[in-house]
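Working notes for the structure below.
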Amino acid sequence: MKIRSQDQEIMSDLLDFLKKSPAVLDVPVAAAVYDQNQKQVAIAHNLRELTSDPSAHAEIVALRKAGHLFGNWNLEGLSLYVTLEPCLMCAGAILQSKISRVVFGAFNPETTSQSSVELLRNGNPQLEVVGGVNEEECSTYLTQWFSEQRKIKR
């Protein structure tokens, strides 16, 4: 699928959101849900460490916020933006939400036999999945964070 100019702008906004978020020990991933008019309806970052919730990935937190806002779990017609390729757990939640479009930044280097992109595309052939948006910036941000974490743990 084709990267749109607004996809790049939104991904830049998500990176800015991460940079302004309070420093936590959780992997810095941000996700946001947008409506058909490109208006943000929900935004989140990983909250696993803060909430001791293994499912509190940015994607799931953002989907929950959008569902609460609309009073409906069915988020058809909306788009999910995330700075890192969703994991398999998040891909399952994305499919269950019926979201129409997924746009992500960095590809997940930990992906093994089946990527979440394959799961998303096979689970819903109508779902538009766009990866690699501002990939270098998203990847660099994560790489720097992991490097800092290694220094702290020494």
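None of the values given here were measured: they were computed from a predicted structure. Residue indices begin at 1 and follow the sequence shown.
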Original post:
Can you check whether P86 reaches I94 side chain to side chain, under 4.5 Å on heavy atoms?
Top reply: yes

**OP:** Give the cluster check for L18 versus W145: same hydrophobic cluster or not, with ILVMFWY residues linked at side-chain heavy-atom distances below 4.5 Å.
**Re:** no

**OP:** Establish whether L63 and V117 are linked, either directly or via other cluster members, by ILVMFWY side-chain heavy-atom contacts under 4.5 Å.
**Re:** yes

Original post:
Less than 4.0 Å between a side-chain N and a carboxylate O, is that true for E128 and R101?
Top reply: yes

Original post:
For Q38, does the CD atom sit with more than 12 other heavy atoms under 6.0 Å from it, leaving out its own atoms?
Top reply: yes

Subject >> By ring pair (Phe, Tyr, Trp, His ring centres under 6.0 Å) - contacts of H45 (at least two apart) >> reply: F17

Original post:
Nearest heavy-atom pair of P125 and N122: which atoms, and what distance?
Top reply: CD-O, 4.2 Å

Subject >> Point-to-point distance, once rounded to the nearest 0.5 Å, from OG of S97 to CG of L78 >> reply: 8.5 Å

Original post:
Of all heavy-atom pairs between I3 and G132, which one has the smallest distance, and what is that distance?
Top reply: CD1-O, 4.1 Å

**OP:** Over all heavy atoms of both residues, which pair between S139 and A106 is shortest? Give the atoms and the distance, please.
**Re:** N-CB, 3.8 Å

Subject >> For N46, all residues meeting side chain to side chain donor-acceptor pair (under 3.5 Å), sequence neighbours excluded >> reply: none

**OP:** Apply side-chain contact (heavy atoms from CB on, under 4.5 Å) to the pair V61 and K65, showing each step before the final yes or no.
**Re:** CA-CA 6 Å; V61 176; K65 286 181 176 183; 4.1 Å; yes

Original post:
Hey, are the side chains of L127 and L95 touching, using non-hydrogen atoms and a 4.5 Å cut-off?
Top reply: yes

Original post:
Going by heavy atoms in the side chains, are I43 and L14 under 4.5 Å from each other?
Top reply: yes

Subject >> Set of residues satisfying side chain to side chain donor-acceptor pair (under 3.5 Å) with respect to D35, sequence neighbours excluded >> reply: none

Subject >> Distance, nearest 0.5 Å, that separates CG of D7 from NZ of K2 >> reply: 11.0 Å

Original post:
Would you find a donor on one side and an acceptor on the other, under 3.5 Å apart, between the side chain of N134 and the backbone of G105?
Top reply: no

**OP:** Using the salt bridge (charged side-chain N to carboxylate O under 4.0 Å, His left out) rule, collect all pairs that involve residues 132-144, keeping only residues at least two apart or in two chains.
**Re:** none

**OP:** Any chance you could measure L142, atom CG, to S147, atom OG, to the nearest 0.5 Å?
**Re:** 12.5 Å

Subject >> Separation between NE2 of H57 and SG of C87, rounded to the nearest 0.5 Å >> reply: 5.0 Å

Subject >> Step-by-step side-chain contact (heavy atoms from CB on, under 4.5 Å) determination, Q6 to S79 >> reply: CA-CA 12 Å; Q6 67 254 32; S79 298; over 6 Å; no

Subject >> Sequence neighbours excluded - ring pair (Phe, Tyr, Trp, His ring centres under 6.0 Å) pairs with any residue from residues 59-82 >> reply: Y34-Y81

**OP:** Would you check if the side chain of N74 reaches a backbone N or O of E76 as a donor-acceptor pair within less than 3.5 Å?
**Re:** yes

**OP:** Mind checking the CG-OG spacing from L47 to S52? Nearest 0.5 Å is all I need.
**Re:** 11.0 Å

For residues 26-33, tabulate all N or O donor-acceptor pairs below 3.5 Å that involve a side-chain atom, not counting sequence neighbours.
unit_1, atom_1, unit_2, atom_2, d
D26, OD1, R48, NE, 3.3
D26, OD1, R48, NH2, 3.1
D26, OD2, R48, N, 2.7
D26, OD2, E49, N, 2.9

Subject >> Which atom of C138 lies closest to which atom of V133, heavy atoms considered >> reply: SG-O, 4.1 Å

Original post:
Would L84 and L119 show up in the same hydrophobic cluster when neighbours are defined by side-chain heavy atoms closer than 4.5 Å?
Top reply: yes

Subject >> hydrophobic_cluster_shared for M89 and L75, side chain cutoff 4.5 Å >> reply: no

Subject >> Spacing of F104 atom CZ and E85 atom CD [to the nearest 0.5 Å] >> reply: 4.5 Å

**OP:** Look at the side-chain heavy atoms of Ile, Leu, Val, Met, Phe, Trp and Tyr, link any pair under 4.5 Å apart, and say whether L80 and L88 land in one connected group.
**Re:** yes

